[in-house]
There are 2 protein chains.
Amino acid sequence: MITLKDVAKNAGVSTATVSRVLNNLSNVHPRTREKVLLAFRETGYDFGINRRSSQSVVTINHVAEIAGVSIATVSRVLNNDPAVRPETRERILEAMEKLRYRPNLLARQFRKKSARMIGVVIPDISGPFFARVVKGIENIADQHGYQVVLTEGKHPDKFLQAVDTFAERKADGALLMISKLGDRELDFLAKLSIPTVLISQDYSSPILPSINIDNETAAYHITRYLLEKGHRSIAFLGGPPNDTVAVQNRLSGYRRALRERGIIPLPPYVRFGEFSVISGYKNCLHLLKNNEPPQAIFAANDDIAIGAIKALQKKGFSVPKNIAVAGFDDLPVSAYISPALTTVHQPKYRLGKEGMKLLLKMIHGERLEETHIILPFQLKVRESA
Amino acid sequence: MITLKDVAKNAGVSTATVSRVLNNLSNVHPRTREKVLLAFRETGYDFGINRRSSQSVVTINHVAEIAGVSIATVSRVLNNDPAVRPETRERILEAMEKLRYRPNLLARQFRKKSARMIGVVIPDISGPFFARVVKGIENIADQHGYQVVLTEGKHPDKFLQAVDTFAERKADGALLMISKLGDRELDFLAKLSIPTVLISQDYSSPILPSINIDNETAAYHITRYLLEKGHRSIAFLGGPPNDTVAVQNRLSGYRRALRERGIIPLPPYVRFGEFSVISGYKNCLHLLKNNEPPQAIFAANDDIAIGAIKALQKKGFSVPKNIAVAGFDDLPVSAYISPALTTVHQPKYRLGKEGMKLLLKMIHGERLEETHIILPFQLKVRESA
DNA sequence: CCCATGTATGGAAACATTTACATTAACTTT
DNA sequence: AAAGTTAATGTAAATGTTTCCATACATGGG
């Protein structure tokens, strides 16, 4: 395509001068004007409207042309509009096949103002617990043609940023496994107004639907189990102290069970840390340092329990002979460590599936019968307690 | 906004009829006309000239207007074009702030034909190994404004589908941790022509760049370590047999070490299965069933090793006193099981980071000095062997 | 048989942004 | 005075699809 630049080159003048000529400005020498006009002719400059088109890829236009219909009808086929006559549809599908047409997803998303995407925020990608939940989510999302985008967002700012990205990318919904949701975060979520479901974090927000197990009761049951085994001094090894509602609920279940037996745990027997093997290890070491060893330990999750067992063994205690240990979550590895871990089984996959189903309902604007779903847990008695 | 369709629905006729009424065509029954007119009133249809503009959200146009410039200039600011005068830029930024303008990402992606997204395929989300690699990837991707989309794709068809989705979504690049890449898959990748890097699967394709550790040598070293400890009969518990190049390389490293000592392992001492705790458990049980127990076991990854240890303990063997066990990968949990696992440490985070950096270079069209990067491994001697 | 209506399809605007090209102003150079 | 240079900005096309309204044709009921 010929531009003013080309003309300028041909005439041996600057584009500014060509522009002046083109717009009949006065300050151009007649001889120069001649030169430029000649160049216009020689280069074959197109005075008509600028035609700029590449069309290197196959679009809906090509398909329409080949099928002998308008692009509107092709679009209808693309969107499974039943209004199209089967015969026409067939012809269009054939044309698509023939041209190897691939709809431009980016254009579709843009037009529809939706990316057919679900944003998922988890505190930790490495956590096998979350991985399993995510699989459940993906199962359902897949079935409905939604893509799942996974983001880590333990720290509140990172979390807000993640959700913001979802909004920016026009996610159709969000699934949050975030433990700490303060007013600021809730406010933020409300402003974005993306359908959102809370999974597995015990946060029963009045606004956001959620799906959980009953952590308090589960913790109560496993603590009772330890009590029934005859243990009196039972330590609690928790995760992050103030942030996590789930931890607090597990703690209060534990306390309730003890209280029922008239036991009040000494402060050093309740410790907080992180949801990791290493934290469990260190925390357990601290516990043993200045205190009479407990008869049993209830860890707020399996990772902590695994770390604690290691610490106990290192200090020469046998589990469960000297000290019993119980965990929470039932990770895949928990049945295969030594001793196999006694723990609370969470229906991780189902949490994901049901959470996603709930979200789907919200996206479709259906009324929710239940906004806070509680799934059953299971006590898994193995070797460690 | 109320459309003819809404009116039609309200009146209980087709949109065609509504349109006829709207344009005063003759062939409408008076009674129907009445109905439709009523529906117009009831729905509050806007007869004004087709105002199909919603403009409920702030766009570049509003910003341009407020700042007193053209939308082109606003776009330039959005894209950090240095050609904009600082003063003008300032004015535009202020206008954005004032209007709380959020660029429409979908529109930008559409226009630019790029989603600023990297597709990552891993065999298993639950695997802590992959999770760690992915974190490395995300670290670098984040820094450069790319979003990471994670997909599971163990089965070849699922994998192809995943990659296809990447293409459809105009991903800027792909990172594959796929063990089995046959001709069909490579062909497919070639057709899509998305920049692609292979991570950690030992597949040294002539076309696709890759990043790995030297699995053969690592396996050789750990097997030698077992031999030096005095073990003569060493079993190999592998992952998927034919699919995985990494497994085959670990196997041949193991074989090389034995061969050097003139040892040829009996067939039942080399077994295959899957990369999971449960598979390691079962496979080890099989191994013990009809054979003289080996003096040591080299498992192709830590999960298998953990399962094997469990099986050995169940059968009354003490690890490492009766039978030594070594693994591969060095998962976070491996140091905390009992006995702590002796294994090969892979620089997982770095694999992810470097892989992503490599991919970035490809995306930017830079020349690669190295197309097959090898990262160092480390022998971690702990308690199990 | 023809009026009234529905069905299937077409025409064209709209979506929000990017960007190629054009213009302009303010200089400087010849 | 005429032309060039450069920086800054404007104009408007182009992107690929969806969807609103319009309409040719088919069809059923009186």
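Naming: A, B, ... by sequence-line order, numbering from 1 per chain. As the structure is a computational prediction, the values presented were derived from the model and not from experiment.
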**Student:** Given A:V84, which partner from the list A:V74, A:T73, A:V69 fulfils the side-chain contact (heavy atoms from CB on, under 4.5 Å) test?
**Tutor:**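 Single pass found, and it is A:T73.
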**Student:** Output the rounded distance in Å from CG (B:D81) to C1' (D:dT9).
**Tutor:**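 Nearest whole value for this atom pair: 11 Å.
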**Student:** Reading DNA chain C from 5' onward, which residue's closest nucleotide shows up sooner: A:R111 or B:S14?
**Tutor:**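 Checking each residue's closest nucleotide, the 5'-ward one belongs to B:S14.
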**Student:** Quick check: on DNA chain C, is the nucleotide nearest B:T17 upstream (toward 5') of the one nearest B:L78, or the reverse? Name the residue that is more 5'.
**Tutor:**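 Counting from the 5' end, the first nearest nucleotide belongs to B:T17.
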**Student:** Please tell me which of A:S75 and B:T3 maps to the more 5' nucleotide of DNA chain D, matching each residue to the nucleotide holding its nearest heavy atom.
**Tutor:**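 Between the two, 5'-proximity favours A:S75.
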**Student:** Just call it for A:T15: base, sugar-phosphate, or nothing, with non-hydrogen atoms closer than 4.0 Å on any strand.
**Tutor:**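 The residue A:T15 makes no contact with any strand.
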**Student:** Could you tell me whether A:E65 atom CD has more than 12 heavy atoms of other residues or ligands within 6.0 Å of it?
**Tutor:**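 Atom CD in A:E65 is not packed in, count stays at 12 or less.
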**Student:** Could you check whether B:V74 gets within reach of a base, just the sugar-phosphate, or nothing at all, counting any heavy atom under 4.0 Å?
**Tutor:**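 Counting heavy atoms under 4.0 Å across all strands, no contact is made by B:V74.
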**Student:** Distance check: side-chain N/O of B:R85 vs OP1/OP2 of D:dA7, anything under 4.0 Å?
**Tutor:**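 The answer is no; no side-chain N or O of B:R85 sits under 4.0 Å from OP1 or OP2.
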**Student:** To the nearest 0.5 Å, what is the distance between CG (A:L198) and CG (A:L359)?
**Tutor:**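 Going from CG on A:L198 over to CG on A:L359, the span is 11.5 Å.
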**Student:** For the side chain of B:F110, starting at C-beta, report the closest nucleotide among D:dG16, D:dA12, C:dG10.
**Tutor:**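 Minimum distance to the B:F110 side chain belongs to D:dG16.
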**Student:** With rounding to the nearest 0.5 angstrom, report the CD to CZ distance, B:E87 to B:R91.
**Tutor:**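 If I round to the nearest 0.5 Å, the distance is 7.0 Å.
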**Student:** Within this structure, what is the CG-CZ distance for the pair A:L189 and A:F159, rounded to the nearest 0.5 Å?
**Tutor:**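 Those atoms lie 4.5 Å apart.
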**Student:** Rounded to the nearest 0.5 Å, what's the gap from CG on B:L105 to CD on A:E168? Could you check?
**Tutor:**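 Here the interatomic distance stands at 5.0 Å.
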**Student:** Which part of the nucleic acid, if any, lies within contact of B:T88, taking any heavy atom under 4.0 Å across all strands shown: a base, the sugar-phosphate backbone alone, or nothing?
**Tutor:**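 Sugar-phosphate, backbone atoms only, no base.
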**Student:** Under 4.0 Å, counting only non-hydrogen atoms across every strand here, what does B:V18 touch: a base, just sugar-phosphate, or nothing?
**Tutor:**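 Contact class for B:V18: none.
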**Student:** Send over the distance from A:K112 NZ to C:dA14 C1', rounded to a whole Å.
**Tutor:**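 Checked: the NZ to C1' distance equals 16 Å.
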**Student:** Could you state the CZ-P distance from A:R20 to C:dA26, rounded to the nearest angstrom?
**Tutor:**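 Checked: the CZ to P distance equals 13 Å.
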**Student:** Provide, to the nearest angstrom, the distance between the CD atom belonging to B:Q109 and the P atom belonging to C:dT18.
**Tutor:**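 From B:Q109 CD to C:dT18 P: 11 Å.
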**Student:** Could you give the CD-to-C1' distance, from B:E34 to C:dA4, as a whole number of Å?
**Tutor:**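 After rounding, the reported distance stands at 16 Å.
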**Student:** Can B:D157 and B:Q161 be counted as having a side-chain donor-acceptor contact under 3.5 angstrom?
**Tutor:**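 Side-chain D/A pair, B:D157 to B:Q161: absent.
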**Student:** Pick the closest DNA chain D nucleotide for B:K5 and for B:R91 by heavy atoms, then say which residue is nearer the 5' end.
**Tutor:**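 Looking at the nearest nucleotide for each, B:R91 comes out on the 5' side.
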**Student:** Between B:R111 and B:N104, is there a side-chain donor-acceptor contact under 3.5 Å, judged purely by atom types and distance?
**Tutor:**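 No pair is found: no donor N or O on one side chain lies under 3.5 Å from an acceptor on the other.
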**Student:** Does any residue of residues 96-108 of chain A have a heavy atom under 4.0 Å from DNA chain D, and if so, which ones, in number order?
**Tutor:**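 Here the set is A:Y101, A:P103, A:N104, A:A107, A:R108.
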**Student:** Base, sugar-phosphate, or nothing for A:V13, non-hydrogen atoms under 4.0 angstrom?
**Tutor:**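 The answer is sugar-phosphate, as A:V13 gets under 4.0 Å only of primed atoms, P, OP1 or OP2.
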**Student:** D:dT15 C1' sits how many Å from B:I71 CD1, rounded?
**Tutor:**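 The distance from CD1 of B:I71 to C1' of D:dT15 comes to 13 Å, rounded to the nearest Å.
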**Student:** Parallel, tilted or perpendicular for A:F110 and B:F110, by the 30°/60° rule?
**Tutor:**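 Ring orientation, 0 to 90° scale: parallel.
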**Student:** Grab the CG-C1' distance between B:N23 and D:dC21 for me, whole Å please.
**Tutor:**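 Value for this atom pair: 8 Å.
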**Student:** To the nearest 0.5 Å, what is the distance between CG (B:L358) and CD (B:E366)?
**Tutor:**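 Here the interatomic distance stands at 10.5 Å.
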**Student:** Are any of A:Y45's side-chain N or O atoms less than 4.0 Å away from OP1 or OP2 of C:dC21?
**Tutor:**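 A:Y45 to C:dC21 OP1/OP2: no side-chain N or O under 4.0 Å.
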**Student:** Hey, could you give me the CD1/CD1 distance between B:I118 and B:I140, rounded to the nearest 0.5 Å?
**Tutor:**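 So the gap between those two atoms works out to 12.0 Å.
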**Student:** From D:dT9, C:dT7, C:dT5, pick the nucleotide closest to the side chain of B:A16?
**Tutor:**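 Closest of the options to the side chain of B:A16: C:dT7.
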**Student:** For the helix from C:dC1-D:dG30 to C:dT30-D:dA1, what angle lies between the axis at the first five pairs and the axis at the last five pairs, to 10 degrees?
**Tutor:**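 Angle reported: 50°, given to the nearest ten degrees.
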**Student:** What is the distance, to the nearest angstrom, from the NE2 atom on A:H62 to the P atom on D:dT17?
**Tutor:**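 Checked: the NE2 to P distance equals 10 Å.
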